[in-house]
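Data first, discussion second: the structure below is written as structure tokens.
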Protein chains: 2
Amino acid sequence: MNRAIPIHRRIRAAIEDKILSGDWPPGTRIPAETELAATYNCARMTVNKALTELAADGLIERRRKSGSVVKRPVLQSAVLEIHDIKAEVEAAGFAYRYRVEKRKVRNATRPDCERLQLEAPVSVLALSCLHLADDRPFCWEDRLISLSAVPQAHDASFTHQSPGAWLIDEVPWSAAEHRISAVAADASLSALQLAPNTPCLAIERRTWNAEEPVTHVRLIYPGDAHALVARFAPSKAG
Amino acid sequence: MNRAIPIHRRIRAAIEDKILSGDWPPGTRIPAETELAATYNCARMTVNKALTELAADGLIERRRKSGSVVKRPVLQSAVLEIHDIKAEVEAAGFAYRYRVEKRKVRNATRPDCERLQLEAPVSVLALSCLHLADDRPFCWEDRLISLSAVPQAHDASFTHQSPGAWLIDEVPWSAAEHRISAVAADASLSALQLAPNTPCLAIERRTWNAEEPVTHVRLIYPGDAHALVARFAPSKAG
DNA sequence: TAGTGGTCTAGACCACGCA
DNA sequence: GCGTGGTCTAGACCACTAG
């Protein structure tokens with residue numbers, strides 16, 4: 001019975017079309033699962049799968065008894081992927097290099113605790129790195145790693161792998177919080193060789209693993225040399 | 001049997017735990033659906049639902065014959081939601097106001113075509129707005145609306161609703177592309193009353209509906225007054 | 001109370017892709 | 001081949017909730 005496209009996909013695509021074209025504006029009631037099952041001559045479970053996916057994607061809202069309705073669009077949302085700096089530089093066709101400019105183990109200071117959102121002051125590793133594209137400054141990195149969460153960072157050299165890439169390999173999975181803002185270049189960014197007050201994009205990222213703070217990083221990109229791009233489409237097609 | 005948590009959720013949570021804790025590092029093979037069904041004493045369809053969700057969230061990768069394996073973490077990704085400016089201002093506890101500073105209908109110039117990614121020069125509506133929080137400049141908006149896609153914009157007054165909110169109501173659903181960068185304040189932003197060279201966060205958004213360009217907007221926020229925050233967690237719980 | 005979605009079952013057949 | 005996931009079925013019972 002499944003020539004090419006699965007039934008649940010076809011049902012989903014058909015409903016998506018109705019919504020995206022405006023035929024079914026927000027608030028429109030979608031036929032009940034049993035109705036759709038009759039229409040498409042399939043089992044209710046198959047319809048259920050299609051509608052569940054549409055709900056997960058935020059196109060419809062499902063309620064018992066009253067049925068499924070088309071949702072109002074989320075104002076603006078996007079899946080933003082902040083890539084590995086090395087991959088980013090190389091994708092742009094430049095040669096990537098980086099060097100660690102500063103490295104220090106210390107007991108977390110008060111600012112350190114704030115950056116990592118630590119309760120108690122643990123031992124931390126503070127790093128500063130300069131990332132280069134074709135030997136020209138590309139990005140400045142200030143990083144703090146909790147040695148309580150990642151004790152093995154103490155002895156890592158970071159000569160072959162930048163701290164960010166190294167951490168991905170060491171800490172299995174994590175939750176993260178990003179903060180994106182604009183700042184003016186100052187003396188602390190002298191390695192970027194920018195004119196004073198050059199606008200820069202600042203990306204801060206705080207990472208946890210199983211509730212435990214792992215790292216905080218602040219990446220500074222010269223504003224004219226970098227932009228974050230994100231896309232959003234209601235139909236993610238799986 | 002299902003007093004509290006559905007079986008598929010429990011299976012999913014159990015596997016998530018294994019992955020997040022590092023017990024099952026990337027590359028680990030996950031038991032086959034039939035095995036898990038036996039373990040949890042449930043039907044294979046129930047296990048399938050759990051694993052399908054995990055795959056959709058990017059925690060595992062599923063392959064026929066060889067089975068499901070734990071994926072390497074995506075380097076950094078986040079769901080970024082760019083909110084309605086009005087909601088944003090009011091959420092911060094300020095009174096929101098805005099005014100249209102400029103409004104002009106014209107045939108698309110070459111820069112207009114680039115901004116909207118138009119093939120042919122159609123008629124467009126160009127708008128500039130100032131958004132205020134407690135009567136202080138908060139955000140500057142430069143917008144272009146394709147009158148080919150949204151002809152009714154020609155006669156919209158935008159007195160009660162900002163162009164962004166109005167569009168949400170008029171254009172049913174849309175895909176969007178965002179571009180975030182840092183720029184320096186210049187004369188064109190005089191309405192924001194900033195010192196020259198103040199760093200600003202620039203958010204550009206291009207919107208389509210069914211392949212047709214709808215609008216392009218450029219929002220400028222003083223860098224010290226604004227930041228975008230995004231969260232990412234592997235377990236989105238739905 | 002009745003309609004709707006949420007979940008689950010115990011089968012089934014097929015397509016894919018490693019051996 | 002043959003094990004795996006992908007899909008589908010024709011039922012079932014329950015929870016929620018609008019009328």
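Residue numbers start from 1 in every chain, and the chains themselves are labelled A, B, ... in the order their sequence lines are given, proteins ahead of strands.
Each of A:Lys65 and A:Met45 has a nearest nucleotide on DNA chain C; the 5'-most of these lies closest to A:Lys65. In terms of position along DNA chain D, the nucleotide closest to B:Glu33 lies nearer the 5' end than the nucleotide closest to the other residue of the pair A:Arg64 and B:Glu33.
Distances shorter than 4.0 Å separate none of the side-chain N or O atoms of A:Ser68 from OP1 or OP2 on C:dT4. Contact check, B:Arg62 against D:dT4: no side-chain N or O comes under 4.0 Å of OP1 or OP2. Contact annotation: B:Arg29 reaches the phosphate of D:dT4 (side-chain N/O to OP1 or OP2, under 4.0 Å).
A donor-acceptor pair shorter than 3.5 Å can be found between the side chains of B:Arg143 and B:Thr215. The closest side-chain donor-acceptor pair between B:Glu141 and B:His131 falls under 3.5 angstrom.
Pair check for C:dC13 finds D:dG6; Watson-Crick or G-U wobble, both atom distances under 3.5 Å.
In this structure, of D:dT7, C:dA10, D:dA18, it is D:dT7 that holds the atom nearest to the side chain of B:Asn48. Picking from D:dT9, D:dT7, D:dG5 the nucleotide with the shortest atom distance to the side chain of A:His8 gives D:dT7. Comparing D:dC8, D:dG5, C:dT9 by their closest approach to the side chain of A:Ile7 singles out D:dC8.
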Please tabulate, for the side chains in residues 152-165 of chain B, all donor-acceptor contacts under 3.5 angstrom to protein atoms that are two or more places apart in sequence or on a different chain.
residue	atom	partner	partner atom	Å
B:Gln152	NE2	B:Glu170	OE1	2.8
B:Ser157	OG	B:Thr159	N	3.3
B:Ser157	OG	B:Thr159	OG1	2.9
B:Gln161	NE2	B:Asp169	OD2	3.0

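If you check distances only, the side chain of B:Arg44 never reaches the base of D:dT4 with a donor-acceptor pair under 3.5 Å.
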Run the side-chain contact (heavy atoms from CB on, under 4.5 Å) test on A:Trp140 and A:Arg218 for me, step by step, so that the C-alpha distance in whole Å, both residues' side-chain angles and the decisive distance to 0.1 Å come before the verdict.
CA-CA 8 Å; A:Trp140 178 257; A:Arg218 188 175 160 88; over 6 Å; no

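One atom, CD1 of A:Ile30, and another, C1' of C:dT4, lie 14 Å apart when rounded to the nearest Å.
Within 4.0 Å of A:Thr52, counting heavy atoms only, lies no atom of the nucleic acid at all.
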